[in-house]
Amino acid sequence: MMLGEFNCDYIQFFHDPDSDLIGDSEQAFLKYLGQTSAIFITGEDHTRTRAVCTLLHGNEPSGFSAVFHYLKSKKKPVVNTLFIIASVQAASLDPLFSHRMQPQQRDLNRCFSAPYDDHQGEVANAILKLIHLVNPECLIDIHNTSGSGPAFAVAIKEDNNHVALTSLFTNDLIVTDLRLGALMELSEQDLCTVTIECGGAKDAASLMIAQEGLHRYLSTQQVLAMDDEQYPVNVYHNPIRLETIANAPVAYGHQAQDNAVITLPLRADKFNYGMLTKDELIGYLRPNGLKLLTAKDPLGVERLEEYFVLKGDELYARHPLKIFMATTNSFIAKTDCLFYFIGADS
Ligand SMILES: [Zn+2]
């Protein structure tokens, strides 16, 4: 491997750094790195490498904390390990870990497909080149959800390897046909890649899930599928996004807010737990508000009225739904989506 010669303007590279020097806290570690960084640790087996990416979003620190604690533990991974710590500059903006990306820059986890012609594209392309150079057997990319919720994994392929990797962290795997330029789309190039959503950045369980999963990932001889192994993973296909049309505003409160198309409960992230029933109020809509919402499946077919019904000004599900990534952040709700859902029977 020619890693000693890896030299790139966009990624600072560390080879087996002295863990005494990386700082005594996550804050100090972030300062020590200062920019997008890659850390290569030599494992017991030098012939294989696994990769871990985290902090593609600067406000999602659980994976970063887990990597910090792993490095401080001075454990030797079973195989060589490449850690990529991506949006260090965004995470370093005050207050720490509050910015998904730097102002005026694109979401880095939408930049892993050509063209790579702006700064974020160049960073993404440099990360891809480094990953190809070390040629890992698999890659995990650790995130937090924007609201509170249980952990789950996301992948673009459903095979035993993706299921096996998921099982190190969680029992739920979403398989999506949607292509957004996310790092996990490396699975298309036969690098088994799974995104781990550990739960909300402030959930106590998220750090534990990241730490324990990372420990299993780096201490287990074989993390890809073994022939005789059954993995207890539920697989969900192609969740649908519930969105407002044309990024119309979303509010949170106990009653309908005048300026919003939809007003969700203050703790809308409670929908992430368990199953949403037909009797549970999702939110208040304006008159004719259903016309201001959209829920298209990956084929572009509108499914809104098949899954949702308006009673007065109140929105309900027609059937029990499994909800993922319901957010309490009105900006994300408006510009990305309110949540993802899957019919209980699909
Ligand atoms: Zn993320």
Side-chain angles (χ1 to χ4, degrees), residues 38 41 43-45 47-57 60 62-64 66-67 70 75 77-86 109 112 127-128 130-132 134-145 149-180 182-199 205-239 324-325:
I41 304 287
E44 283 162 11
D45 176 353
T47 66
R48 294 187 289 155
T49 301
R50 290 174 197 156
V52 178
C53 182
T54 195
L55 216 59
L56 278 177
H57 295 139
E60 299 177 5
S62 294
F64 175 80
V67 170
Y70 188 85
K75 286 181 192 135
V78 285
V79 300
N80 294 338
T81 304
L82 176 72
F83 297 99
I84 296 162
I85 302 170
N109 207 24
F112 289 96
I127 289 172
L128 292 175
L130 177 59
I131 290 170
H132 286 130
V134 304
N135 190 25
E137 58 186 17
C138 49
L139 165 63
I140 55 161
D141 178 22
I142 308 177
H143 290 249
N144 290 105
T145 46
F152 59 93
V154 190
I156 63 159
K157 269 193 191 171
E158 177 191 357
D159 60 21
N160 286 341
N161 285 335
H162 289 80
V163 167
L165 276 188
T166 296
S167 72
L168 299 169
F169 289 84
T170 163
N171 298 322
D172 290 318
L173 171 63
I174 294 176
V175 179
T176 177
D177 292 332
L178 211 60
R179 297 291 178 269
L180 300 167
L183 183 60
M184 66 178 172
E185 291 162 30
L186 272 172
S187 289
E188 282 178 342
Q189 299 170 38
D190 290 329
L191 171 59
C192 178
T193 303
V194 172
T195 301
I196 305 294
E197 297 282 357
C198 296
S206 299
L207 176 57
M208 211 154 58
I209 286 163
Q211 274 188 290
E212 291 182 358
L214 185 66
H215 175 73
R216 284 189 279 268
Y217 183 65
L218 299 181
S219 64
T220 306
Q221 279 298 334
Q222 188 172 343
V223 291
L224 294 175
M226 289 182 279
D227 288 344
D228 49 355
E229 189 81 22
Q230 292 290 320
Y231 299 96
V233 171
N234 311 307
V235 180
Y236 303 92
H237 295 100
N238 286 323
F324 296 93
M325 299 188 89

Enquirer: First locate atom NE2 of H237, then atom CG of L173, and finally report the distance between them rounded to the nearest 0.5 Å.
Expert: 8.0 Å
Enquirer: To the closest 0.5 Å, what do you measure between NE2 (H143) and OG (S206)?
Expert: 13.5 Å
Enquirer: Got a second to check how far K75's NZ is from S219's OG, nearest 0.5 Å?
Expert: 7.5 Å
Enquirer: Check whether any side-chain N or O of T170 sits under 3.5 Å from a backbone N or O of A151 as a donor-acceptor pair, and report yes or no.
Expert: yes
Enquirer: Short question: side chain of Q221, backbone of V78 - any donor-acceptor pair under 3.5 Å?
Expert: no
Enquirer: Between N144 and S62, is there a donor-acceptor pair closer than 3.5 Å when you use the side chain of the first and the backbone of the second?
Expert: yes
Enquirer: Over all heavy atoms of both residues, which pair between T193 and L183 is shortest? Give the atoms and the distance, please.
Expert: CG2-O, 4.0 Å
Enquirer: Donor-acceptor check, side chain of D177 to backbone of N238, threshold 3.5 angstrom: yes or no?
Expert: no
Enquirer: Judged by atom type as modelled, is there a donor-acceptor pair below 3.5 Å linking the side chain of N160 to the main-chain atoms of V163?
Expert: no
Enquirer: Supply the atom-to-atom distance N80 CG to E44 CD, rounded to the nearest 0.5 angstrom.
Expert: 10.5 Å
Enquirer: For the pair D45 and R50, find out whether any cationic side-chain nitrogen is under 4.0 Å from an anionic carboxylate oxygen.
Expert: no
Enquirer: Between H132 (side chain) and L128 (backbone), is there a donor-acceptor pair under 3.5 Å?
Expert: yes
Enquirer: Backbone N or O of V79 within a donor-acceptor pair of the R48 side chain at under 3.5 Å?
Expert: no
Enquirer: Let me confirm one number: the CD1-CD1 distance from I174 to I156, rounded to the nearest 0.5 Å.
Expert: 14.5 Å
Enquirer: Is the distance from the ring center of Y236 to that of F324 below 6.0 Å?
Expert: yes
